[in-house]
Amino acid sequence: MRRIPLLALPVLCCAGLAACAPFDGSAEADVRYAEDFNSHEPLLVQGYPTDGSLRLVQQVVWRIADGDPDRLEDLSGSDASPQERAGTARRWTTEFREGAGGKATAVFCEPGEVHQAVVLRFPGTGQTKVLHVRLDGIGGEDGWRVRMNEAAGAPPEPLPPCAEL
């Protein structure tokens with residue numbers, strides 16, 4: 001019988017919960033998510049994500065790793081214009097694709113029921129990226145979305161205190 005290391009158990013539990021969590025409520029979305037989950041490097045998780053924020057951040061990392069700015073842009077919140085979303089998605093896929101294609105860690109700051117700061121770490125390239133995720137729409141009806149209104153050439157955002165986890 002194969003033994004699972006004790007440290008892997010929390011990651012497996014989170015992955016199982018995230019794979020079962022509804023995103024847009026459709027069976028098709030769940031199938032796409034399961035296919036993505038099986039074809040990408042596992043995301044190491046620290047902190048306290050919700051099912052929805054974890055699922056969103058996984059998809060952000062996967063879209064960056066795939067070099068797919070169009071599908072990444074689809075994950076954006078309503079706080080960005082179409083031009084801001086497109087530009088941010090292109091910059092993230094260009095700048096972080098190599099790192100996102102390898103091992104990645106997501107540090108979820110403060111328990112977030114409606115918004116969270118998330119620090120992505122890509123140890124293969126030594127890069128970090130701060131994301132802001134939140135429930136979007138009236139009363140959160142549009143689900144979890146990522147803020148994608150970064151200006152071109154803006155300096156990197158300072159790391160929040162939770163990055164020390």
Side-chain angles (χ1 to χ4, degrees), residues 7 10-11 13-15 17-19 21 23-24 33 36-37 40-137 139-165:
L7 292 175
V11 172
C13 289
C14 284
L17 286 172
F23 189 63
D24 72 1
Y33 179 82
D36 273 338
F37 189 86
H40 290 90
E41 190 78 34
L43 181 66
L44 178 62
V45 177
Q46 296 177 337
Y48 303 97
T50 66
D51 289 344
S53 66
L54 174 58
R55 192 169 179 147
L56 172 66
V57 170
Q58 286 176 310
Q59 290 181 359
V60 167
V61 173
W62 297 339
R63 297 297 77 81
I64 292 171
D66 294 343
D68 193 339
D70 294 331
R71 288 183 68 200
L72 176 59
E73 190 178 337
D74 291 342
L75 303 173
S76 177
S78 60
D79 50 358
S81 71
Q83 295 81 9
E84 289 172 320
R85 285 193 290 268
T88 299
R90 280 193 309 275
R91 285 189 297 280
W92 288 3
T93 54
T94 300
E95 187 174 347
F96 298 103
R97 183 176 186 182
E98 181 183 350
K103 299 215 179 285
T105 300
V107 180
F108 288 79
C109 303
E110 78 274 338
E113 289 160 13
V114 289
H115 61 85
Q116 283 185 302
V118 181
V119 178
L120 294 178
R121 291 190 186 127
F122 305 113
T125 59
Q127 295 173 296
T128 58
K129 174 70 185 136
V130 178
L131 301 178
H132 294 275
V133 300
R134 67 180 176 90
L135 285 172
D136 205 25
E141 68 188 14
D142 295 334
W144 284 89
R145 298 287 183 235
V146 62
R147 187 177 75 195
M148 294 183 69
N149 57 354
E150 293 181 357
E157 183 174 341
L159 294 177
C162 71
E164 300 303 318
L165 284 177

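- Applying the ring-ring contact (aromatic ring centres under 6.0 Å, His included) test to residues at least two apart or on different chains, the pairs with a partner in residues 49-90 are Tyr33-Trp62, His40-Trp62.
- Residues satisfying the side chain to side chain contact (heavy atoms under 4.5 Å, CB included) criterion with Ala104, sequence neighbours excluded, are Leu43, Val61, Phe122.
- For residues 92-108, the set of pairs meeting the side chain to side chain donor-acceptor pair (under 3.5 Å) definition, not counting sequence neighbours, comprises Glu41-Lys103, Trp92-Glu150.
- Residues forming a salt bridge (charged side-chain N to carboxylate O under 4.0 Å, His left out) with Glu157 (at least two apart in sequence, or on another chain): Arg147.
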Audit row: Leu120, Phe96, side-chain contact (heavy atoms from CB on, under 4.5 Å) steps and yes/no:
CA-CA 10 Å; Leu120 294 178; Phe96 298 103; over 6 Å; no
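- Taking Asp36 as the reference, Arg63, Arg71 meet the salt bridge (charged side-chain N to carboxylate O under 4.0 Å, His left out) condition, with sequence neighbours excluded.
- In this structure Gln83 satisfies the side-chain hydrogen bond (donor to acceptor under 3.5 Å, both in side chains) test together with Ser81, sequence neighbours excluded.
- Put simply, the side chain of Gln116 never gets that close to the backbone of Pro111: no donor and acceptor are under 3.5 Å apart.
- Here His132 pairs with nothing under the ring-ring contact (aromatic ring centres under 6.0 Å, His included) rule; sequence neighbours left out.
- With sequence neighbours excluded, the residues forming a side-chain hydrogen bond (donor to acceptor under 3.5 Å, both in side chains) with Thr88 are Arg91, listed by chain and number.
- For Leu135, the side chain to side chain contact (heavy atoms under 4.5 Å, CB included) partners are Val114, Trp144, not counting sequence neighbours.
- Take Ala80 and apply the side chain to side chain contact (heavy atoms under 4.5 Å, CB included) test, not counting sequence neighbours, and it matches Ser76, Glu84, Arg85, Asn149.
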